[in-house]
Amino acid sequence: MIFDNSRYPTRRMRRNRSHPWLRRLVAETDLSVSDLIWPIFIEEGSAISSIKMLPGVMRYGIERLTEVLAPALALGIPAVALFPFIPEAKKTPTCEEAWNPDNLVCRAIRTIKRDFPDVGIICDVALDPYNSYGHDGLVRDNRILNDETLEALCKQAIIQAQARCDILAPSDMMDGRIGWLRRALDDQGFTDTALMSYSAKYASAFYGPFREAVGSATALTFDKKTYQMDSANSDEALREVSLDLDEGADMVIVKPGLLYLDIIRRIKDHFRVPTFAYMVSGEYAMIAHAANAGSIAGEAAMWEAHLSLKRAGADGILTYAAPSIAKSIQKT
């Protein structure tokens, strides 16, 4: 008799699933605390404000940053990404608050570096929190001005680097911005400041809770489809990444993450560069709201969602669930 060792009953796939320790031993994908970047929303003052659309996510007053960050960073989270809620009085069409060296973001950077010198700080480079039109770029006659925006972004990037931001993350999607930013930073001596580019940022319906959190939602009078990517396109993402890498990007981000797992995989396979996923506010909120409604097991679902991003090829994840995921990892 000839036995085929590749088939049942000789080959039983369930053997490797028979014990928890064995499942861990043969797991192909690992999710660790070092994979997590925690996006945090900051505002003036000492309040801690809830965000209706984002269960469990808060907006933190700058005076409370040390208190808030200490337990999260004790879990081993390596980096935070800062997103400011700017008072309406400081929003203008010209966005000059974005390059005020004493603005909310710069003061937050200095506070965090003073109290937690070893934590990585990532700063958004885009104008939407400061723009009275709510857009990532300067607006004239309902048009987003590309090259004029580049000059503004360079000024914003320089003051963030001066405040000791470690990684600048341009999310504006203006053409040519990586090359402009790299040259501006190098000219000012910030050759070690890294650029983590939102290279594949799609015009998504899943950004709503974020816009509420930073206060830009009500200002928008037209959509962002002339500069953010069309969700129908995949090859275009490779072109965007290629251009950004040629211009000096050190790392790239795919945003949103869960709905674009195929894009993460294509980018990682094609370029083999550090590739990050952003589980955006709407993706996080779907899981959180479903868990609160009792429709799914929240902790398990959140874990599975993050593992899928790693399995798709992400080297790290920007996620509002970073502290809870880190606690889950600590328990295992």
Side-chain angles (χ1 to χ4, degrees), residues 17 20 23-24 26-41 50-58 72 75-81 83 122 169 171 196 198-213 229 231 234 237 251-269 274-332:
R17 306 171 193 150
R23 292 193 293 273
R24 293 194 298 270
V26 301
E28 300 171 29
T29 305
D30 179 56
L31 179 61
S32 70
V33 178
S34 61
D35 297 321
L36 305 174
I37 298 168
W38 186 24
I40 58 174
F41 299 106
S50 61
I51 300 168
K52 182 180 179 181
M53 293 184 184
L54 285 172
V57 178
M58 305 294 176
L75 295 169
I77 294 172
V80 296
F83 296 95
I122 300 168
S171 65
M196 176 188 279
Y198 287 75
S199 296
K201 182 179 179 180
Y202 285 83
S204 173
F206 285 78
Y207 299 149
F210 175 92
R211 290 172 184 164
E212 179 205 357
M229 285 183 56
S231 58
S234 176
M251 298 160 271
V252 298
I253 300 175
V254 177
K255 182 181 181 180
L258 286 178
L259 295 177
Y260 295 86
L261 298 174
D262 59 317
I263 306 300
I264 297 170
R265 173 48 62 192
R266 288 196 70 189
I267 289 171
K268 189 62 180 179
D269 286 348
T275 304
F276 292 79
Y278 198 139
M279 180 186 281
V280 300
S281 57
E283 294 172 328
Y284 168 89
M286 283 195 305
I287 299 171
H289 284 299
N292 287 345
S295 301
I296 59 175
E299 184 175 340
M302 199 67 80
W303 179 271
E304 185 177 347
H306 286 74
L307 196 64
S308 77
L309 294 167
K310 284 298 302 291
R311 191 180 64 246
D315 296 289
I317 305 168
L318 291 89
T319 170
Y320 304 104
S324 61
I325 292 291
K327 289 177 184 176
S328 297
I329 292 170
Q330 196 175 63
K331 289 189 294 186
T332 59

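These numbers come from a predicted model, not from an experiment. Atoms considered below: every heavy atom in the structure, side chains included; atoms not considered: hydrogens, waters and symmetry mates.
For Ala305, the side chain to side chain contact (heavy atoms under 4.5 Å, CB included) test picks out Leu258, Met279, Ile287, with sequence neighbours left out. Ala203 meets the side chain to side chain contact (heavy atoms under 4.5 Å, CB included) test with Lys225, Gln228; sequence neighbours excluded. Among residues two or more places apart in sequence or in another chain, the side chain to side chain contact (heavy atoms under 4.5 Å, CB included) test is passed with Ala290 by Ser295, Ile296. Remark: Leu259 engages Phe206, Glu283 in a side chain to side chain contact (heavy atoms under 4.5 Å, CB included) (not counting sequence neighbours). Partners of Tyr260 under the ring-ring contact (aromatic ring centres under 6.0 Å, His included) rule, at least two apart in sequence or in another chain, are Tyr202.
For the atom pair CG (Leu318) and OH (Tyr198), the distance works out to 5.5 Å, reported to the nearest 0.5 Å. Here the straight-line distance linking atom OG1 of Thr29 with atom CG of Leu307 works out to 5.5 Å at 0.5 Å rounding.
Aromatic ring centres of Tyr320 and Phe210 lie farther apart than the 6.0 Å criterion allows.
A cation-pi arrangement, defined by a distance under 6.0 Å to the six-membered ring centre and an angle within 45 degrees of its axis, is absent between Lys201 and Tyr278.
Using a distance-only test at 3.5 Å, with no hydrogens or angles considered, a donor-acceptor pair links the side chain of Lys310 to the main chain of Asp30.
The two residues Met58 and Ser50 come nearest to each other via the heavy atoms SD-CA, 3.5 Å. For the pair Leu261 and Leu309, the tightest heavy-atom approach, listed with the atom from each and the gap, is CD2-CD2, 3.6 Å.
Residue pairs meeting the side-chain hydrogen bond (donor to acceptor under 3.5 Å, both in side chains) criterion with at least one member in residues 321-330, sequence neighbours excluded, are Glu299-Ser328.
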